Visitor: 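Pasting a structure here, questions to come.
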Amino acid sequence: MIPLMKNTFLNEYETKKELVDFIMKAKILSMGEKCLEFEKAFAKAQGRKHCILFNSGGSANLALLQALKNLGRLKDGDKVGFSALTWSTNVMPILQLGMKAVPVDCDPKTLNSMSANLAETLKTEKLSAFFITNALGLAGDLGEIRELCKKNGIILIEDNCESLGTVLPGGRTGNFGQASTFSFFVAHHMSTIEGGCCCTDDDELDEMLRVTRANGWDRNLPFAAQRRLREKYGVKSEFEAKYTFYDLGFNLRPTEITGFLGLTQLRYLDANCETRQKNFRLLEAEVKNNPDLIPLETGHLSFVSNFAFTVVCKTKELRSKYIEQFSGDGVEIRPVIAGNMQRQPFYAKYVGKKFDLKGAEFLHECGFYFGNYPELTDSDLDMLKSCLRKY
Ligand SMILES: Cc1ncc(COP(=O)(O)O)c(C=O)c1O
């Protein structure tokens, strides 16, 4: 059996031991110093000014859109583009927060929305923002997408929950837009069990994300920002300030356990991504030799940080055959994320307008994935390679 993942953590045994010790010694386990320490470390590793830690990647997505609304950069009824191939909680907050979701098709060869796909959407739709997903360890031509957004006055934000560590010649995925989100759920590149974050270089957005993360209050802001808010709203005492709520928020806070685990996992992240890329290249070579399958294009990427290897078959019938082959050999597989999002029941319920999305539809019908992680043994890799052969 080759499961989607084998361990909860990178360096599982050591991490669990350290975690037990941390919990036994910690005085406070609600959000505090460890979260702040992790935020600083992750921002540095990612090459961003700010990192705001959340209790999940989905929470980071929700908070990011709410924060942009709180700042008046997005408003009710605005059209927000999203990659048609993505996760449910990338799209749901667009609808939950009163905006209109517009799918941007993807290219089955890169699994991602490319600038050509965005240009196609812009022929008929005026977007206020594009919440692109860097899907499955890969990414689109983000430099060109950024230019296109700039030219059309579109706010670019990235859901980088699936591509932490992937690099283009123009920089790391997650560093192309105003802000980007990450997930630290089990089976992603690093895990804090549940967890996620948002990165940005924008001071105002950083501040608003912290207000949005915790009830709409100012307690997690630096002193100068608190003073500014309190003066603006005539809050006269510390007593009053404790329960003053400045803007729309939720409770999406992580715990100190999240921060602690994040710090341990960061130590192993780079080596871990290297192994994932090595596995990816090994499996990719096998796909290139099989005329039933479509090889993925990664020539525009300088580093592929892949946690789920996607197989794209040439036809639906071939996919059924390969699904049987993989499942029969005990390899755990999944559909290519949510496929064509328009086919999901929640989407059909809340969004009337449908687009003809050939790329996402093709992946919905002809793709599947299996896990790619550092604990795959040589014999696991041999088994996966044999499943990828034409039979
Ligand atoms: C693209 C994308 N966005 C958001 C999420 C949500 O992350 P989480 O499970 O941490 O809420 C996921 C989860 O896998 C994802 O793949």
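Worth saying up front: this structure is predicted, and the values here are computed from it rather than measured. Every number for a ligand or one of its atoms is a count from 1 in the order of the listing.
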Visitor: With a 4.0 Å cut-off on N to O distance, would you call E120 and K358 a salt bridge?
Guide: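 Looking at K358 together with E120, the answer is no, because their closest N to O distance does not fall below 4.0 Å.
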Visitor: Who are the ring pair (Phe, Tyr, Trp, His ring centres under 6.0 Å) partners of F309, not counting sequence neighbours?
Guide: F280, F370
Visitor: Protein residues near ligand 1, heavy-atom distance below 4.0 Å?
Guide: S56, G57, G58, N61, W87, T89, T133, D159, C161, E162, S183, F185, H188, G195
Visitor: E207 versus R210: any side-chain heavy-atom pair under 4.5 Å?
Guide: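 Of all side-chain heavy-atom pairs linking R210 with E207, none is under 4.5 Å.
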Visitor: Looking at side-chain heavy atoms only, is the closest gap between K34 and E37 below 4.5 Å?
Guide: yes
Visitor: Within the structure provided, determine whether S327 and I333 are in side-chain contact (heavy-atom separation under 4.5 Å).
Guide: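 Touching, per the 4.5 Å side-chain cut-off.
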Visitor: Over 60° means perpendicular and under 30° means parallel, so tell me whether W217 and Y243 are parallel, tilted or perpendicular.
Guide: parallel
